[in-house]
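Any value given below was found using the heavy atoms of this structure, including those in side chains, with hydrogens, waters and symmetry copies removed. Owing to the predicted nature of the structure, the values given are computational and were not obtained by experimental measurement. Whatever order the structure lists ligands and atoms in, that order sets their numbers, starting from 1.
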Amino acid sequence: MTTGARPIGHQIIRLPEAVSTNTLVLESPEYLENHGLVVIAEHQTGGRGRVGRDWASLPGRQLQFSLVLHPPLPREQTPLLSLVAGLAVGNCLTRELALRPLLKWPNDVFLGARKVCGILLEMKMQGGAPRVVVGIGLNCNGAPEDFPPDLQESLTTLAHETGRAVNMQALFAALLAGQQEAYDRLLAGQQTALLEEWSAMAALEGRALIYPTPEGPRPGKALGITEEGHLLIETAAGATHVHHSGELEWTE
Ligand code: BTN
């Protein structure tokens with residue numbers, strides 16, 4: 001089933017360069033009105049990550065794209081889109097490349113101890129309705145050594161993990177199909193199954209982490225996720241804290 005008027009990727013705008021595909025889409029009312037539009041750039045000069053981080057660009061060796069969604073979901077469910085986007089990337093890497101990705105809340109995709117994909121989900125109200133921009137950056141070809149020195153230990157690429165060059169066009173098509181499938185399932189009410197699948201790929205129960213509080217960073221342990229996709233953390237005092245947003249540091 002395809003939910004929504006047009007499928008994801010019904011129109012694809014390909015650019016040799018953009019500052020940030022997410023910014024480009026967010027700043028264009030016309031793009032934002034186009035559910036399913038995808039904007040992909042070979043290179044980003046100012047790629048953005050979550051919590052104000054930069055996203056490093058390797059020209060021609062990453063898939064860096066943004067897609068527009070008009071989710072007919074209650075506002076409290078929109079954070080689920082973020083988890084579902086990460087799950088769809090993880091499923092795609094499993095199916096297409098026989099990899100075993102690990103999801104880190106809310107939507108980083110890791111291979112072993114290194115991050116291979118980051119997702120930045122942003123929302124803007126337009127005409128009284130939420131317009132969601134899902135920005136995906138996936139390190140395909142090249143090697144960790146191609147990144148700036150401070151990132152080389154923490155990032156990886158698909159080519160590095162598989163030992164083979166990645167056919168980026170084929171993978172891009174599979175990623176869009178995977179996003180469509182996951183989005184359709186969410187809108188069809190399969191939220192519980194999706195969250196179970198997310199949890200299975202995240203293996204987060206009991207994982208030690210440091211979470212931000214108004215009083216500063218605190219240690220805790222991941223317990224699981226809520227039906228809305230928020231993270232449940234066991235505090236050092238044994239209480240349960242519901243974490244909505246803000247950067248976590250995974251210490252194991
Ligand atoms: C993160 O890891 O913190 C999220 C990274 C998201 C990067 C993608 S690349 C395409 C889109 N445009 C951006 O500026 N960011 C996202």
Side-chain angles (χ1 to χ4, degrees), residues 8-9 12-28 31-32 34 36-69 79 81-90 92-93 101-124 131-142 144 146-148 150-158 166 168 171-172 175-176 178-179 202 209 211-212 229 231 243-250:
I8 292 170
I12 300 176
I13 298 177
R14 296 172 191 272
L15 303 171
E17 185 176 300
V19 175
S20 150
T21 54
N22 262 37
T23 306
L24 187 72
V25 172
L26 283 168
E27 289 180 350
S28 164
Y31 288 174
L32 277 182
N34 189 348
L37 171 74
V38 176
V39 177
I40 179 163
E42 291 251 321
H43 175 46
Q44 294 187 120
T45 54
R48 297 186 293 108
R50 292 179 51 249
V51 291
R53 281 186 308 234
D54 293 334
W55 171 259
S57 180
L58 296 182
R61 283 160 288 171
Q62 290 160 313
L63 287 167
Q64 306 185 90
F65 60 98
S66 301
L67 56 99
V68 179
L69 298 176
L81 288 169
S82 180
L83 274 74
V84 164
L87 175 65
V89 172
C92 183
L93 299 186
L102 182 71
L103 300 175
K104 293 215 174 163
W105 190 92
N107 51 25
D108 284 340
V109 184
F110 275 65
L111 292 171
R114 290 167 180 233
K115 177 163 154 172
V116 72
C117 174
I119 300 176
L120 174 64
L121 195 124
E122 297 181 291
M123 199 178 84
K124 193 169 183 177
R131 288 4 191 164
V132 173
V133 179
V134 183
I136 300 180
L138 176 62
N139 305 331
C140 296
N141 288 317
D146 298 337
F147 286 100
D150 59 320
L151 298 174
Q152 292 179 5
E153 294 285 299
S154 55
L155 294 182
T156 192
T157 68
L158 296 174
V166 171
M168 290 174 52
L171 191 60
F172 180 49
L175 284 169
L176 295 186
Q179 292 296 325
L209 52 82
Y211 65 101
L231 183 67
H243 181 74
H244 296 254
S245 62
E247 198 53 356
L248 301 169
E249 187 191 332
W250 296 93

Legend entry - Neighbour count >12 (heavy atoms, 6.0 Å) for atom CD, E153: no

Legend entry - Under 3.5 Å donor-acceptor, Q64 side chain and A18 backbone: no

Inset, instruction - Identify, by atom number and element, the atoms of ligand 1 in contact range of R53, meaning under 4.0 Å from any of its heavy atoms. - result: 1 (C), 2 (O), 3 (O)

Legend entry - Per-atom contacts, ligand 1 versus R50 - under 4.0 Å to a heavy atom: 1 (C), 3 (O), 4 (C)

Inset, instruction - Please could you name the atoms of ligand 1 that S20 approaches to less than 4.0 Å, counting only its heavy atoms? - result: 12 (N), 13 (C), 14 (O)

Legend entry - Residue part near ligand 1, for T23, under 4.0 Å between non-hydrogen atoms: neither

Legend entry - Closest contact, heavy atoms only, G46 versus S20: O-CB, 3.5 Å

Legend entry - Closest protein heavy atom to atom 10 (C) of ligand 1, given as residue, atom name and distance to 0.1 Å: T21 OG1, 3.3 Å

Legend entry - Heavy-atom pair of closest approach, residues C117 and I136: SG-CG2, 3.9 Å

Legend entry - Per-atom contacts of ligand 1 with F65, taking only distances under 4.0 Å to non-hydrogen atoms: 10 (C)

Legend entry - Heavy-atom pair of closest approach, residues P101 and L93: CG-CB, 4.2 Å

Legend entry - Under 3.5 Å: donor-acceptor pair, side chain of T157, backbone of G142: yes

Inset, instruction - Using atom types as modelled and distance alone, determine if a side-chain donor or acceptor of N22 lies under 3.5 Å from a backbone N or O of R48. - result: no

Legend entry - For Q44, the ligand 1 atoms whose distance to one of its heavy atoms is below 4.0 Å: 9 (S), 10 (C), 11 (C), 12 (N), 13 (C), 14 (O)

Legend entry - Atoms in ligand 1 with a heavy atom of G49 nearer than 4.0 Å: 1 (C), 3 (O), 4 (C), 5 (C)

Inset, instruction - Decide yes or no for V109 and L103: does some side-chain heavy atom of the first lie under 4.5 Å from some side-chain heavy atom of the second? - result: yes

Legend entry - Protein heavy-atom partner closest to atom 5 (C) of ligand 1 - residue, atom, separation in Å: W55 CE3, 3.5 Å

Inset, instruction - Please work out whether any backbone atom (N, CA, C, O) or any side-chain heavy atom from C-beta onward of V51 is under 4.0 Å from ligand 1, and answer side chain, backbone, both or neither. - result: neither

Inset, instruction - Tell me which one of E122, E247, K115, R48 gets a heavy atom nearest to atom 1 (C) of ligand 1. - result: K115

Inset, instruction - Could you list the atoms of ligand 1 found under 4.0 angstrom from a heavy atom of G47? - result: 14 (O)

